[in-house]
Amino acid sequence: MTTERPSKRRKQNGNESGLINIGGRMVDFGFNKVKNQPPKPKEQQQPQEPEQPQEQQPEEPKVDQTKNGNSKKRNGGKPKQDTPLLKARKALPIWAHQKEILASIGGSQDVLMIMGETGSGKSTQVPQFLCNEDWCRRKKVKVAGQSDPVNVGGMIAITQPRRVAATTLANRVAREMGTPLAPGMKEGSVGYSVRFDHNVPKGTKIKFLTEGMLLQELLRDPNLRQYSAVVVDEIHERSVDVDMIAGFLKQIVSGNKEGRGGIPLKVVIMSATADVERIQEFFESPASDEESKSQQSVQLLRIKGRQFPVEIKHTERPVPNIRDALYKQITQIHEGEPLPGDILAFLSGQEDIEALQRLIEDYGASLASNVPKLLPCPLYGQLSMQAQQAAFRPAPKFTRKVILSTNIAETSVTVPGVRFVIDSGKAKVKQFRSRLGMESLLVKPISKSSATQRTGRAGREGPGKCFRLFTAEAYESLSEADLPEILRNDVLGAILTMKARGINDVFSFPLMDFPDVDSVEKALVQLHFLDAIADDGSITEIGRKLALFPVSAQYGRVLLAASEPQYDCVLEVIDIISCITSGESIFYQLQMEEEREEVEELRKELYRREGDILTYLTAMQRYTAEHADRVEWCKKRKINLRNMKQALNIRTQLRGMCLKEKLLKEKPLPDPQPFEPLTPEKGEALLKCFLKGFVTKCALLAPDSSYVTTHGKHLVSIHPSSVLHGQKKEAIMFLEHVFTQKNYAKKVSAIQADWIIQALTK
DNA sequence: GAGCACTGC
């Protein structure tokens, strides 16, 4: 480990092992509740005991394919003694640095940065190092403005960007500490808190939570009094939430600590990539010009990880056609490299994946019978769980898997068995264009840090090779890191969070990267449109409520409108919002002709000619009215079961909150309720409620039968995923506006032109 | 006629 000041900039020296390992998304097949089940002992593969748990693989009838022949007890049910676990902990690279970490953060320094490569053990060990320290005890102190003493400290929060990472890490650390998490557990030393799932036993010292969760806690308790320390993990992913958290933490650390009775909050920032200087500088610079006395110096610890070496090969010349180059590379590996060793190829999207899948299938069919087979496995988010499953299953005998994946395999899931990575060097990137009020989704070159991450996927189980379909020069020309999300996203939500947290002058809020003035101003205008901020920019009652709801400000505004007596349709709006925010779309796209007709026939009773909003409502109502077999119901209609389940969770949460906030007068009747078709009046009321949040997203039919937006006069087309695709309506309202091939309106409803005027004039 | 990936008392 080296410690250094930021001025001593360290070059990344081409070291390709500085990799992130996010435990990744749990592959939940519904029948496999793995969360609280003690895990199987890890394969004794050297050198790594993974720093973060790998995501659980779907349980297979016979999984034990131990490579080095050492048979092992499969049964994870046995409570294990501490020894093997402790042994594994001590073997982690970070273990040797415990004293340094404690000395650094235990003294006058309140902020510490740790750059820990994959396999260093930082996520599981750092909180355990901290939690037994003296400064980590809960103390009773007097706080300004309160007569009674209050408790400050006692817990450590550790944030994760993804839910599965938070829960699986919590389970692992709980076991290591000898207090494994179980459903009915009353006491323990480790807990977690993610949306819809909380398990914080009495006596919890270490709490894993998602970034969004800590942000919510910050709204309730700006001083984070229950915590002695906050560990921010995976900060290099730079989500909007983590940027906001960094800002709030900086304010707490550099503030006068009155709200915490003088007790400092210790902050540990952890990153898996090398470009940490900016972040370090951020925490070192004074929070505001008023007080420079509290300037921090931030120590940086670098800790090696444990990865197998990966040999990187760039192309000699730029490739003219990525699909061809990919195909050639795959066949070359297949013919030149022995089994076992699956191939993981990174592509930019579904279209490329499907095209390549067909090519590989044809190639596979041409192979002689004495040559190993080649099995293409597509892997992208919109694919159903069943279709994803093949990528995670071990390859059949005498077969090599080729996983054709989007960015999903870069951080969110880990595919076992991979020895070869092929990197197209491209990814689709979403970017919000505040001037047009729309987002774009375009193929862009990846960053160096992303390329490094992809490369590392070949070295998880043994030495590997990475074939980059771009030249070494092209690699050098890539940007160091991806653009932080806060510079690519709509900042409306972030601005609302600041306002709700009492930050009136948002431009004074400390951010590692500040969005350009124009997009902040656009967000402020939008918030004013939504009645969330007053003319002087201060937050309104409506704004406070919107900040509370776990949906975007626009959807929150629709909910508030629905509670007004003239509309009175809160339950319906909750159903619709739940459905929309549960995932990309609840409807899977239909492939083959025959299945298409059959499914479309069944879907007919869900589709509404008024548009997508009422279609979602009908789908949700039909689904909840179904009491025979909801799984089968979804299957027949090719509806995304995972999203429907998620929608029900959101629905329950929103109903609870609406009751609490008095948007609902009484508790809704429990499911299943008989399905009742929507009356035209109700339909109109619903669409008018949505107009309260989306007046600025409407378009009128022009004489040449194109649609022109009312705000900005842009040409839009109705997206093919909409039930209104190809139809001509007097006026439309849309909830999403995306530029891909064209300017598309998504989630479209037919409205009357005069409703827009009404909504604007109130 | 088209679909990078996450997330929220």
Side-chain angles (χ1 to χ4, degrees), chain A residues 22 24-25 159-166 193-198 200 209-221 234 237-242 244-245 346-354 378-383 405-413 424 426-431 439-444 446 450 453 482 485 488-489 493-494 496-497 546-553 555-556 577-578 581-585 587-591 596 640 646 649-650 652-654 656-657 660-661 717-722 724-726 736 738-742 744-746:
Chain A
I22 251 281
R25 192 179 56 181
T159 66
Q160 293 293 325
R162 279 169 287 281
R163 299 178 46 182
V164 243
S193 184
V194 301
R195 193 183 188 185
F196 312 130
D197 194 4
H198 309 268
V200 185
L209 20 66
T210 45
E211 293 160 353
M213 221 56 177
L214 187 69
L215 263 187
Q216 289 296 323
E217 291 191 359
L218 268 160
L219 283 184
R220 267 207 319 279
D221 176 14
E234 313 284 4
E237 293 197 17
R238 297 294 307 273
S239 62
V240 175
D241 283 357
V242 95
M244 296 286 288
I245 286 173
F346 286 100
L347 290 84
S348 61
Q350 186 182 341
E351 197 185 345
D352 276 348
I353 289 174
E354 282 171 352
L379 184 62
Y380 49 90
Q382 270 305 98
L383 217 53
S405 174
T406 59
N407 250 350
I408 192 170
E410 194 180 300
T411 47
S412 301
V413 297
S424 67
K426 306 274 183 195
K428 273 189 190 161
V429 181
K430 198 170 83 179
Q431 177 119 29
E439 56 193 25
S440 60
L441 187 62
L442 299 170
V443 177
K444 294 262 169 73
I446 59 171
S450 183
Q453 174 74 4
D482 293 316
E485 208 181 38
R488 293 188 290 113
N489 258 22
L496 181 62
T497 304
L546 298 186
L548 216 62
F549 280 100
V551 296
S552 73
Y555 288 132
I577 293 175
S578 306
T581 58
S582 70
E584 181 50 29
S585 168
F587 296 108
Y588 282 120
Q589 50 185 313
L590 306 177
Q591 311 276 3
R596 199 185 183 105
N640 189 323
Q646 170 81 348
N649 281 331
I650 299 170
T652 307
Q653 185 188 26
L654 288 178
M657 295 182 83
K660 216 171 114 203
E661 295 299 318
S717 308
I718 297 177
H719 193 269
S721 64
S722 170
L724 291 186
H725 174 68
E736 289 167 20
V738 187
F739 178 84
T740 48
Q741 310 291 317
K742 269 182 17 186
Y744 280 118
K746 294 173 91 171

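Chain naming here is simple, since letters A, B, ... match the order of the sequence lines and numbering starts at 1 in each.
Counting to the nearest Å, the P atom of dG3(B) and the NE2 atom of His725(A) are 12 Å from each other. Atom CG of Asn489(A) and atom C1' of dA5(B) are 12 Å apart (whole Å). Taking atom CD on Gln431(A) and atom P on dA5(B), their separation rounds to 18 Å, with Å as the unit. A straight line from CD of Glu234(A) to C1' of dT7(B) spans 15 Å, rounded to a whole angstrom. Whole-Å rounding puts the Lys444(A) NZ to dA5(B) P distance at 17 Å. For the pair Phe587(A) CZ and dG1(B) C1', the interatomic distance rounds to 17 Å; values are reported in whole Å. Residue Leu219(A) contributes atom CG, which lies 20 Å from atom P of dT7(B) at whole-angstrom precision. We find that CD1 of Ile408(A) is positioned 14 Å from C1' of dT7(B), with the value rounded to whole Å.
Scored by the salt bridge (Lys or Arg N to Asp or Glu O under 4.0 Å) test, Asp352(A) finds Arg323(A) as partners (sequence neighbours excluded).
Listed nucleotides dG8(B), dG3(B), dA5(B) differ in distance to Val194(A); the shortest reach to its side chain belongs to dG8(B). For Gln741(A), the side-chain atoms get nearest to dG3(B) when compared with the rest of dG1(B), dT7(B), dG3(B). You'll find that the side chain of Tyr744(A) is closest to dA2(B), out of dG8(B), dA5(B), dA2(B). Comparing dG3(B), dC6(B), dG8(B) against the side chain of Gln350(A) picks out dG3(B) as the nearest. Picking from dC6(B), dG8(B), dG3(B) the nucleotide with the shortest atom distance to the side chain of Gln216(A) gives dG8(B).
Taking 4.0 angstrom as the limit, His719(A) places none of its side-chain polar atoms (N or O) nearer than this to OP1 or OP2 of dG1(B). Distances shown here put every side-chain N or O of Ser239(A) at or beyond 4.0 Å from the OP1 or OP2 atom of dC6(B).
Residue-level contact check: Gln653(A) touches the backbone only, with heavy atoms under 4.0 Å from sugar-phosphate atoms and none from bases. Within the 4.0 angstrom heavy-atom criterion, only backbone atoms of the sugar-phosphate kind lie near Thr740(A); the bases stay farther away. If you check every strand for non-hydrogen atoms under 4.0 Å, Thr406(A) touches sugar and phosphate atoms only. The residue Val443(A) sits apart from the nucleic acid: no heavy atom pair falls under 4.0 Å.
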Give the C-alpha distance, both sets of side-chain angles, the deciding distance and a yes or no for side-chain contact (heavy atoms from CB on, under 4.5 Å) between Gln653(A) and Arg195(A). CA-CA 9 Å; Gln653(A) 185 188 26; Arg195(A) 193 183 188 185; 2.8 Å; yes
Determine whether Ser239(A) and Glu211(A) satisfy the following criterion, side-chain hydrogen bond (donor to acceptor under 3.5 Å, both in side chains), listing intermediate values before the conclusion. CA-CA 9 Å; Ser239(A) 62; Glu211(A) 293 160 353; 2.6 Å; yes
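Contact of Arg596(A) with dG1(B) (side chain to base): a donor-acceptor pair of N or O atoms is detected under 3.5 Å.
With salt bridges taken as basic N to acidic carboxylate O contacts below 4.0 Å, one links Glu237(A) and Arg162(A). The pair Glu485(A)-Lys430(A) fails the salt-bridge criterion, with no side-chain N (NZ, NE, NH1 or NH2) lying under 4.0 Å from an Asp/Glu carboxylate O.
Environment of CD in Glu661(A): crowded, with over 12 heavy atoms of neighbouring residues, nucleotides or ligands closer than 6.0 Å.
Map Val551(A) and Arg488(A) each onto its nearest nucleotide of DNA chain B; the residue landing nearer the 5' end is Arg488(A). Residue order along DNA chain B, read from the 5' end via each residue's closest nucleotide, puts Lys742(A) first among Lys742(A) and Lys660(A).
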